[in-house]
Amino acid sequence: MRNFWHSARLMAELALREAVRKKLVAVLLILSALFLGFYLFGIYKVDDQLNQRAVEAGLEGRSRTGLANAPLMYATMFGMYLVYFLGSLMSVLSTVGAVSGDIESGVMQSVLARPVSRTGLVAGRWLGFALVNMAYVALLSAGLLGGVFLLTGYLPPEIWPALALMLLAAALLTGLTVLGSTLFSTLANGIGVFVLYGVGSSGGILSLIGTISDNATVSMLGRVANVLMPTNALWLGASYHLQPELLRQTGRGVPNPVFGSEPAATGLVLWAAALTLLAVGAAMWRLSRRDL
């Protein structure tokens, strides 16, 4: 057990150093800054236009929580959806070769020749990349929401529960990608995880189609997709917390594949956390019995 924790800590540190050495962090910061600047400029223009409309209507100002501010509210939520998508993309691409890359390059034999346990190696790889991916989501969210607040004075409600669900989605995707990295080649792993991500996204679309067509079978398929891959369901729950009460009342009872009208079910959140641990545990079991 002591060797496991030592190996996990060592591999986590190596994963963090690898991200820095490959300039992954630097590239992400630059590209994220460009994204934030581009999107926040759009937010600024929206806010400026809403202010002009208020002046033309003879108003001294507009309510930050009223219907007149709905375009800005939706623009902020769409921005957070982009943060969720970029975080998901980052979680897969940064981790896709966590184990398989070292096996294919022959580095794994050199690492395991030292007193490093295979289970600790997998746990450390997941922990290191999960920290990088979750930090990325947190920093990008803080940059977007902070920028919106500084430019417009608007801040969505219940930010912390929403951020927690988004971080859980990043940890889950990282865990599933690490598992795939112990089962498949790097390329096959990336394709497979993106297909799973698509299955999760289809859950919201199928639920929408089932509701509109009043088809119980299609609605059930949507629920099954959300359980098999709960990342999209976690986002829908996060988006609910980001909506002011005005938008919640407006969207209640109206199916929407992008923004949720209800908070995430406790059972679904617990299942997503359990699935993360199961994926990491299965990856540890697989590598411990795999011939290299």
Side-chain angles (χ1 to χ4, degrees), residues 80-81 83-85 87-92 94-96 98 119 122-123 125-127 129-131 133-134 136-138 141 158-184 189 192-211 216-243 248 255-287:
M80 289 300 290
Y81 176 75
V83 170
Y84 156 75
F85 175 75
S88 300
L89 196 66
M90 166 71 174
S91 298
V92 176
S94 67
T95 322
V96 68
T119 54
V122 172
R125 282 291 191 178
W126 170 76
L127 180 60
F129 284 113
L131 288 175
N133 297 331
M134 294 168 71
Y136 176 70
V137 172
S141 299
E158 303 177 19
I159 293 175
W160 297 114
L163 182 58
L165 292 174
M166 293 171 67
L167 294 179
L168 177 57
L172 171 58
L173 275 171
T174 304
L176 291 173
T177 309
V178 169
L179 172 59
S181 189
T182 65
L183 296 171
F184 311 110
N189 180 32
V193 177
F194 274 121
V195 169
L196 281 177
Y197 181 81
V199 169
S201 298
S202 71
I205 299 174
L206 289 173
S207 298
L208 171 63
I209 295 173
T211 302
T217 301
V218 176
S219 296
M220 183 190 68
L221 290 175
R223 291 192 294 271
V224 170
N226 284 331
V227 172
L228 288 176
M229 188 62 172
T231 49
N232 186 67
L234 291 174
W235 159 250
L236 292 177
S239 66
Y240 172 84
H241 292 291
L242 293 171
Q243 298 177 58
R248 293 177 183 175
N256 190 328
V258 180
F259 303 129
S261 58
E262 297 178 354
T266 303
L268 184 67
V269 176
L270 293 176
W271 163 241
L275 185 58
T276 303
L277 297 178
L278 286 172
V280 177
M284 292 163 59
W285 177 85
R286 170 57 180 160
L287 186 64

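These numbers come from a predicted model, not from an experiment.
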Please confirm whether the backbone N or O of [Y] pairs with a side-chain atom of [X], one donor and one acceptor, at under 3.5 Å?
{"X": "T182", "Y": "L179", "value": "yes"}
{"X": "R248", "Y": "Y240", "value": "yes"}
{"X": "W235", "Y": "F85", "value": "no"}
{"X": "S181", "Y": "V178", "value": "no"}

How long is the straight-line distance from [atom2] of [Y] back to [atom1] of [X], given to the nearest 0.5 Å?
{"X": "M80", "Y": "M166", "atom1": "CE", "atom2": "CE", "answer": "4.0 Å"}
{"X": "F129", "Y": "T177", "atom1": "CZ", "atom2": "OG1", "answer": "10.5 Å"}
{"X": "Y84", "Y": "L242", "atom1": "OH", "atom2": "CG", "answer": "13.5 Å"}
{"X": "S88", "Y": "L173", "atom1": "OG", "atom2": "CG", "answer": "5.0 Å"}
{"X": "N226", "Y": "W271", "atom1": "CG", "atom2": "CH2", "answer": "13.0 Å"}
{"X": "L89", "Y": "Y197", "atom1": "CG", "atom2": "OH", "answer": "8.5 Å"}

On a heavy-atom basis, which atom in [X] and which in [Y] lie closest, and how many Å separate them?
{"X": "A233", "Y": "A264", "result": "O-CB, 4.5 Å"}
{"X": "L165", "Y": "A238", "result": "CD1-N, 3.5 Å"}
{"X": "L206", "Y": "V218", "result": "O-CG1, 3.3 Å"}
{"X": "S141", "Y": "V83", "result": "OG-CG1, 3.4 Å"}
{"X": "V122", "Y": "A283", "result": "CG1-CB, 3.6 Å"}
{"X": "A171", "Y": "M134", "result": "CB-SD, 4.1 Å"}

Query raised in the report: Under the side-chain contact (heavy atoms from CB on, under 4.5 Å) criterion, do H241 and L163 qualify, and how do the steps go?
Result: CA-CA 9 Å; H241 292 291; L163 182 58; over 6 Å; no
**Report entry** E262 atom CD, neighbour heavy-atom count above 12 within 6.0 Å
**Finding:**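 Not buried by this count: 12 neighbours or fewer within 6.0 Å.
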Query raised in the report: Would you say the side chains of N133 and T174 form a donor-acceptor pair under 3.5 Å?
Result: yes
Query raised in the report: Less than 4.5 Å apart, any side-chain heavy atom of V193 and any of V96?
Result: no
